[in-house]
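Since the model is a prediction, treat every value here as computed from it, not as a measurement.
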Amino acid sequence: MPVNYDTSFVDNLSQNVAVQFLDRVATSPDFEAFRYPRGEAWESVTWKQAGDRVRSLAAGLISLGIESEQRVGIASATRYEWILADLAVMCAGGATTTVYPTTNADDVAYILGDSECRIVFAEDDEQLAKLVEHKSSLPHLMKVVTFDGAADGDWVITLDALAELGDAYLAEHPDVVETTAKEISPDALATLIYTSGTTGRPKGVRLRHKSWVYEGEAIKVQDILDESDLQFLWLPMSHSFGKVLLSAQLACGFATAIDGRVDKIVENCATVKPTFM
């Protein structure tokens, strides 16, 4: 028997992903937002803790000159830092450009060049090597931020260094993230997701802020997930459905345990005991 859902939520969507995230932080500051593996244990962070980190990173991106709809790449497997980077790009008004960690160096260079990425988050030394190899052919790429790789303090900086830049910028411009978020149009470019390139060069699919906000709210209105749920997330965030799950989390407020290592799925599920995945 078909179910008729109330579609009036469409008239009351958040303006953009940045506002949706900041509103979630304000609504559920002390609720668990994420947990992620650190060594053999799992570390948990609240929405406020995640919000504070994202705010610092977003201000760091703004201090480096990221402007509306400018592209910022993420070349990394699914992990907590991927989520932080993506949300920071959203809150800085930029547009996340996704790169699968298994993409070869030539295609990585093509994607980053085609999208004119200004900054790239690179997971580790393996991802950094691809960028260094093609640095001369990426004139738009002004800075690389690494999660675990070796930084040189100049072209390549750490995630903590980006946050420190952001904190310094916030000291002089305390409302910059909130002001930037409010200025992002629902139709602004939020994400470029590149195809696999099996039929020629990879092609970037343009996705707007209101598309992601809608996805999350459309799941929320079905009343199947709420703040009491716990998701286990392992799907590639470089793919659209991984991002849909993040949108659903922002709308519904449930916590997410994140680990993209496929060989750890069964073990992780036994430990995390998620209500859905």
Asks: Hey, what do you get for CG (L87) to CZ (R55), rounding to the nearest 0.5 Å?
Replies: 15.0 Å
Asks: Kindly compute the distance separating CG (D124) from CG (D148), expressed to the nearest 0.5 Å.
Replies: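 Output value for this atom pair is 6.5 Å.
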Asks: Answer yes if V262 and L245 sit in the same cluster of Ile, Leu, Val, Met, Phe, Trp and Tyr residues linked by side chain heavy atoms under 4.5 Å apart, and no otherwise.
Replies: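 Looking at the clustering, L245 is in the same group as V262.
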Asks: Nearest 0.5 Å, what's the CD1-CD distance between I258 and Q231?
Replies: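 Result: 8.0 Å between the selected atoms.
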Asks: Tell me yes or no: between the side chains of Q127 and S76, is some donor less than 3.5 Å from an acceptor?
Replies: no
Asks: Any salt bridge linking D263 with R261? Criterion: basic side-chain nitrogen under 4.0 Å from a carboxylate oxygen.
Replies: no
Asks: Could you tell me if R79 sits above the aromatic ring of F147, with its cationic atom closer than 6.0 Å to the ring centre and no more than 45 degrees from the axis?
Replies: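 Not satisfied by the 6.0 Å and 45° rule.
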Asks: State the OG-CD distance between S247 and E217, to the nearest 0.5 angstrom.
Replies: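 Reported value, rounded in 0.5 Å steps: 9.5 Å.
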Asks: Measure centre to centre between the rings of Y110 and Y194, then say whether the value is under 6.0 Å.
Replies: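 Distance test on ring centres: not under 6.0 Å, no.
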Asks: Compute whether any side-chain donor of one residue and acceptor of the other, for D226 and S228, lie under 3.5 angstrom apart.
Replies: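 S228 and D226 do have a side-chain donor-acceptor pair below 3.5 Å.
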Asks: When you measure from the centre of the six-membered ring of W155, is the NZ or CZ of K143 closer than 6.0 Å and no more than 45° off the axis?
Replies: no
Asks: Is a side-chain donor-acceptor pair under 3.5 Å present for T275 with D229?
Replies: yes
Asks: Linking I/L/V/M/F/W/Y whenever their side-chain heavy atoms sit closer than 4.5 Å, directly or via other members, would F121 and L112 fall into one cluster?
Replies: no
Asks: Say you draw a straight line from CZ of R38 to CD of E43; how long is it, rounded to the nearest 0.5 Å?
Replies: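 Those atoms lie 4.0 Å apart.
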Asks: Given the rule that I, L, V, M, F, W and Y join up when any side-chain heavy atoms are under 4.5 Å apart, are I66 and V145 in one cluster?
Replies: yes
Asks: Examine the side chains of W212 and T191 and answer whether a donor and an acceptor come within less than 3.5 Å of each other.
Replies: yes
Asks: Could you report the tightest heavy-atom contact between L192 and S115, atom names first, then the distance?
Replies: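 Smallest heavy-atom distance, with atoms named: CD1-CB, 3.8 Å.
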Asks: Would you say V156 and L141 are hydrophobically clustered, going by side-chain heavy atoms of ILVMFWY under 4.5 Å?
Replies: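 Yes, it is one cluster - the side chains of V156 and L141 are joined through contacts under 4.5 Å.
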Asks: Give a yes-or-no answer on whether the side chains of D107 and Y100 include a donor-acceptor pair shorter than 3.5 Å.
Replies: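 Checked: D107/Y100 side chains show no N/O donor-acceptor pair below 3.5 Å.
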Asks: Does any N or O in the side chain of E123 come within less than 3.5 Å of the main-chain N or O of L128, such that one atom is a donor and the other an acceptor?
Replies: no
Asks: Assess the side chains of T256 and Q249: does a donor N or O sit below 3.5 Å from an acceptor N or O?
Replies: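 Yes, Q249 and T256 have a side-chain donor paired with an acceptor closer than 3.5 Å.
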